[in-house]
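All values reported here derive from a predicted model rather than from experimental measurement. Hydrogens, waters and symmetry mates are skipped; everything else that's a heavy atom, side chains included, is used.
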Amino acid sequence: MSKPLIGISTYLEPARWGVWDLPAALLPAAYPRLVRAAGGLAAMLPPDDDPAAAAEVVARLDGLIVAGGADVEPVRYGAEPSPRTGPPARERDAWELALIDAALAAGTPLLGICRGLQLLNVALGGTLVQHLEGHTGGPGVFGAHTVKPVPGTLYASLVPEASDVPTYHHQCVDRIGSGLVASAHAADGTVEAAELPGPGWVLAVQWHPEMGTDTRVTEGLVRAASTR
């Protein structure tokens with residue numbers, strides 16, 4: 001059996017390498033490594049100028065990961081920006097929301113990571129807390145804290161015990177989106193995972209599994225993608 005193809009959304013940022021200083025599609029190498037460790041093949045999905053192309057892209061994938069990154073622009077969930085909210089990444093917002101919509105419509109297995117959880121929540125009509133403390137290790141340093149699964153959820157079927165996870169976020173779910181259920185929490189009550197119950201496989205986590213050694217969540221995505 002061939003390995004499933006998992007698309008991963010990317011950053012779109014100015015970058016320098018060698019003699020070049022150009023816009024670049026960027027993705028930390030830990031993401032494709034995580035997909036490969038879980039048994040899949042990884043493909044980068046940089047923002048497209050035409051978000052309408054998302055459905056055609058998703059149709060060629062077996063699974064989708066929406067990666068971490070910049071804060072979601074608050075206008076997407078009807079809020080004014082807080083002074084602590086970062087600059088918008090409008091091309092990513094438009095493209096990744098279109099990818100999410102396409103994956104949900106097609107029944108393509110979907111895993112959101114950090115920003116990916118926040119975007120999934122916004123896509124389904126939810127809102128975000130624009131700033132919270134204690135979920136990073138400082139600027140540019142991943143923190144760690146314990147998350148506890150909610151019994152009976154998809155996440156709990158993959159990781160049934162409380163576990164320490166790598167974290168780097170200052171925003172989180174506020175009002176949860178339509179149909180989503182929280183499937184893990186931090187000790188302070190922060191929603192650390194959410195999923196969409198039903199026949200499909202839709203799960204998003206607030207932490208960064210690519211920065212740890214536990215591949216169980218991504219293995220779940222790859223297994224679901226293998227059965228399509």
Side-chain angles (χ1 to χ4, degrees), residues 3-11 27-45 61-69 100 103 108-121 132 134-138 140-173 180-197 200-228:
K3 295 179 179 180
L5 181 64
I6 309 298
I8 313 170
S9 66
T10 78
Y11 294 70
L27 186 68
Y31 284 97
R33 287 183 190 137
L34 177 67
V35 169
R36 291 194 297 269
L41 300 173
M44 292 173 63
L45 306 177
L61 301 173
D62 299 305
L64 172 66
I65 293 175
V66 179
I100 289 170
T108 302
L110 167 63
L111 172 61
I113 293 178
C114 196
R115 166 186 163 89
L117 167 58
Q118 295 161 14
L119 270 174
L120 175 64
N121 191 57
L132 76 164
H135 288 249
T136 76
V141 178
F142 283 88
H145 62 244
T146 302
V147 299
K148 185 176 180 180
V150 175
T153 60
L154 171 61
Y155 174 68
S157 74
L158 300 169
V159 185
E161 78 282 2
S163 58
D164 291 341
V165 296
T167 63
Y168 194 87
H169 57 274
H170 81 114
Q171 298 196 334
C172 66
V173 168
L180 283 174
V181 297
S183 47
H185 295 90
D188 64 3
T190 299
V191 173
E192 289 284 341
E195 59 193 59
L196 196 59
W201 198 101
V202 180
L203 173 63
V205 299
Q206 187 59 78
W207 64 90
H208 286 267
E210 80 280 5
M211 299 307 298
T213 59
D214 190 339
T215 60
R216 286 177 289 178
V217 168
T218 316
E219 287 170 1
L221 170 71
V222 169
R223 282 195 299 272
S226 299
T227 61
R228 297 192 71 231

About how many Å separate [atom2] of [Y] and [atom1] of [X], when rounded to the nearest 0.5 Å?
{"X": "R228", "Y": "T108", "atom1": "CZ", "atom2": "OG1", "answer": "4.0 Å"}
{"X": "L64", "Y": "I6", "atom1": "CG", "atom2": "CD1", "answer": "8.5 Å"}
{"X": "L117", "Y": "Q206", "atom1": "CG", "atom2": "CD", "answer": "5.0 Å"}
{"X": "I65", "Y": "L45", "atom1": "CD1", "atom2": "CG", "answer": "10.0 Å"}
{"X": "M211", "Y": "I113", "atom1": "CE", "atom2": "CD1", "answer": "11.5 Å"}

Can you find a heavy atom in the side chain of L158 that is under 4.5 Å from one in the side chain of L203? yes

Any V66 side-chain heavy atom under 4.5 Å of L120 side chain: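 Side chain of V66 against side chain of L120, heavy atoms only: no contact under 4.5 Å found.
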
Check step by step if side chain to side chain contact (heavy atoms under 4.5 Å, CB included) holds for V35 and I8. CA-CA 9 Å; V35 169; I8 313 170; 3.9 Å; yes

Would you give me the side-chain donor-acceptor pairs under 3.5 Å for residues 186-197, sequence neighbours excluded?
unit_1, atom_1, unit_2, atom_2, d
D188, OD1, T190, N, 3.0
D188, OD1, T190, OG1, 2.8
D188, OD2, H135, NE2, 2.9
D188, OD2, T190, OG1, 3.4
E192, OE2, H135, ND1, 3.4
E192, OE2, H145, NE2, 3.0
E195, OE1, L154, N, 3.3
E195, OE1, Y155, N, 3.0
E195, OE1, S183, OG, 3.0
E195, OE2, L154, N, 2.6

Search all heavy atoms of [X] against all heavy atoms of [Y] and return the closest pair with its distance.
{"X": "P32", "Y": "L27", "value": "CD-CD2, 3.9 Å"}
{"X": "A156", "Y": "P151", "value": "CB-CA, 4.2 Å"}
{"X": "P160", "Y": "P149", "value": "O-CG, 3.5 Å"}
{"X": "P166", "Y": "W207", "value": "O-CB, 3.0 Å"}
{"X": "L221", "Y": "L110", "value": "CD1-N, 3.9 Å"}
{"X": "C114", "Y": "G68", "value": "CB-CA, 4.2 Å"}

May I have all residue pairs that pass side chain to side chain donor-acceptor pair (under 3.5 Å) and include part of residues 209-224, sequence neighbours excluded?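 Residue pairs with at least one partner in residues 209-224: Y31-E210, E161-R216, H208-E210, D214-R216, T215-E219.
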
Given side chain to side chain contact (heavy atoms under 4.5 Å, CB included), test V147 with V205 step by step and report yes or no. CA-CA 10 Å; V147 299; V205 299; over 6 Å; no

Determine which pairs satisfy salt bridge (charged side-chain N to carboxylate O under 4.0 Å, His left out) with at least one residue from residues 162-171, sequence neighbours left out, and list them in order. none

Side-chain donor/acceptor of Q118 to backbone N/O of Q171, under 3.5 Å: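 The answer is yes, because a donor-acceptor pair under 3.5 Å joins these two groups.
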
Sub-3.5 Å donor-acceptor pair from the side chain of D62 to the main-chain atoms of L5, do we have one?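 Confirmed, D62 side chain pairs with L5 backbone.
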
For S9, enumerate each residue passing the side-chain hydrogen bond (donor to acceptor under 3.5 Å, both in side chains) test, keeping only those at least two apart in sequence or located in another chain. E96

For H185, enumerate each residue passing the side-chain hydrogen bond (donor to acceptor under 3.5 Å, both in side chains) test, keeping only those at least two apart in sequence or located in another chain. none

Sequence neighbours excluded, the answer for ring pair (Phe, Tyr, Trp, His ring centres under 6.0 Å) partners of Y168 is F142

